[in-house]
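To start, the structure under review is shown below, and the notes come after it.
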There are 2 protein chains.
Amino acid sequence: MSSEPRVKPKILVVDDEPDAVELVAFNLKAAGFEVITAGDGESALRRARQESPDAMVLDLMLPEVDGIEVCKQLRRHPRTAALPIIMLTARAEEMDRVIGLEVGADDYLTKPFSPRELVLRVKNLLKRRARNEEDTDVIQAGDLRIDIPRHQVTVGDREVQLTSTEFKLLTVLARRRGRVQSREQLLRDVWNYESLIDTRTVDTHVRRLREKLGPAARWIDTVRGVGYRFRESL
Amino acid sequence: MSSEPRVKPKILVVDDEPDAVELVAFNLKAAGFEVITAGDGESALRRARQESPDAMVLDLMLPEVDGIEVCKQLRRHPRTAALPIIMLTARAEEMDRVIGLEVGADDYLTKPFSPRELVLRVKNLLKRRARNEEDTDVIQAGDLRIDIPRHQVTVGDREVQLTSTEFKLLTVLARRRGRVQSREQLLRDVWNYESLIDTRTVDTHVRRLREKLGPAARWIDTVRGVGYRFRESL
DNA sequence: CGATCGGGTGACAAGTCTGTGACGACCGGG
DNA sequence: CCCGGTCGTCACAGACTTGTCACCCGATCG
């Protein structure tokens, strides 16, 4: 992805082992994040409240106030209730409760994990929260830009002329970004109920859409035997 | 884990041999469960309905109303339909039917069994229900991750390309995590009804699945003579 | 120890799915 | 009325999937 975000997302990394913190922090920084750290639960809570990070990587085992407690406390306050949290733990079995309602972490990783995977998870979590693509006016994917109120699509600085069906198909796909949508679903959403239409018609329109999108067509995946998907990233 | 659950889960133990009941009850109590008991099918049904236990350990051989009948009856009523049931039996061969849809037990143990294993199974069953794996969007097992709406499977940070049949097979296995599923049952769930298909076909698909999953294939167990199982843990 | 059974494996032919080009129907504007 | 553009359908080819089979091997059992 070429366009750097204006402001680096700030990630709070919490672990009582300095080496672990260092490893995680290094990789997140390399991926373009701003990183702040904490070594125990108390200071984690303090920093989370004062510096309002965009996401948090939280070790489960901490001296005194452990990760679960930190998580719960954060969830109680409105200001931090929605903070995306990724839990780190040594054993997968511990995590059953963590993910569920009881604690409310958003994701978890078991040690040892690949740094690349951690970075991926953090990115996904941020993307999901920040984008809130379901009801946004403008959807951006690389240099593809979909401006819904203007009914306008651009690839780079080139404007793409789409018919209204093509436009609607594209927006429906993009709004459920990442999720596969069956042809039947697309028919319902794009063609409103008129299910008398052949599902293969969807294919034809996808083809025309891809043709017009040119290089940006790569954002539309075919999932064989299932349907189509607008990619999360390239 | 340090934090004890607020309320002890209540387990109903059913066997016509008092010694067996005693043995099981003792071990479950030692593991922190509350235990209630029954010596025959009739009273088992009564207690299951009146005292709404969290799980049930049920001997297959009972005078008059046997374990299979108890199981079936419980499944018929909405209030007890989801009650996790572990069947006890003398011979493994009997269990093919018990596990399948016909009866609907969740797990089984063949006598003689180690008390420790029984306790493990009970815990797992409860965990599973708490986790609500039956209808979650994302199932995670170690570094294997199954994202159902995205129709996407990753091992660590590597994405695995599965065909739709393979994907469905994997999700069906993973959703009933820990429980053995017979080939017949898998055929029903993955191939919807079309039981005209050879059960050996399941083997082939499991093979292809394992091939693609690489190291994460360890999550899929073969249970000789019965079927396949998605491991609870490695 | 040999026989039997169940499951893993590689190959394969038939079937299924999708991309593609073409076509006729339709519509609104000249 | 003609025309350009859009739309739904179709037939076809190529790629991929999938169910089956024969074979082998290790486990199991007598």
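By convention in this document, chain letters (A, B, ...) are assigned in the order of the sequence lines, proteins followed by strands, and residues within each chain are numbered from 1. Quick note: numbers below take in every heavy atom, side chains included, and nothing from hydrogens, waters or symmetry partners.
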Using the closest heavy atom to pick a nucleotide of DNA chain C for each, name whichever of V206(A) or V223(B) lands nearer the 5' end. V223(B)
Is it true that E166(A) and K212(A) make a salt bridge, defined as a side-chain N closer than 4.0 Å to a carboxylate O? yes
Do any side-chain nitrogens or oxygens of Y228(A) fall under 4.0 Å of OP1 or OP2 in dG19(C)? yes
Each nucleotide of nucleotides 15-23 of chain D classed B (base within 4.0 Å of a protein heavy atom), S (only sugar-phosphate) or -, in 5' to 3' order, makes BBSBBBB--
Any salt bridge (Lys or Arg N to Asp or Glu O under 4.0 Å) involving residues 16-30 of chain B? Give me the pairs, sequence neighbours left out, ordered by first then second residue. none
Intermediate values then yes/no, salt bridge (charged side-chain N to carboxylate O under 4.0 Å, His left out), R207(B) and E211(B): CA-CA 6 Å; R207(B) 178 172 67 80; E211(B) 210 168 281; 3.4 Å; yes
Would you call the rings of H205(B) and W191(B) parallel, tilted or perpendicular, taking 30° and 60° as the class edges? perpendicular
What does the B/S/- profile of nucleotides 24-30 of chain C look like, 5' to 3', with a 4.0 Å heavy-atom cutoff to protein? -------
Hey, what bend do you get for the helix from dC1(C)-dG30(D) to dG30(C)-dC1(D) if you fit axes on five pairs at each end, rounded to 10°? 30°
Could D107(A) and R121(A) be called an ion pair, given the rule that one side-chain N must be under 4.0 Å from one carboxylate O? yes
Would you call D189(B)-R175(B) a salt bridge at under 4.0 Å N-O? no
Under the side chain to side chain donor-acceptor pair (under 3.5 Å) test, residues paired with R229(B) that sit two or more places apart: none
ring-ring contact (aromatic ring centres under 6.0 Å, His included) pairs, two or more places apart, involving residues 145-175 of chain B: H151(B)-F167(B)
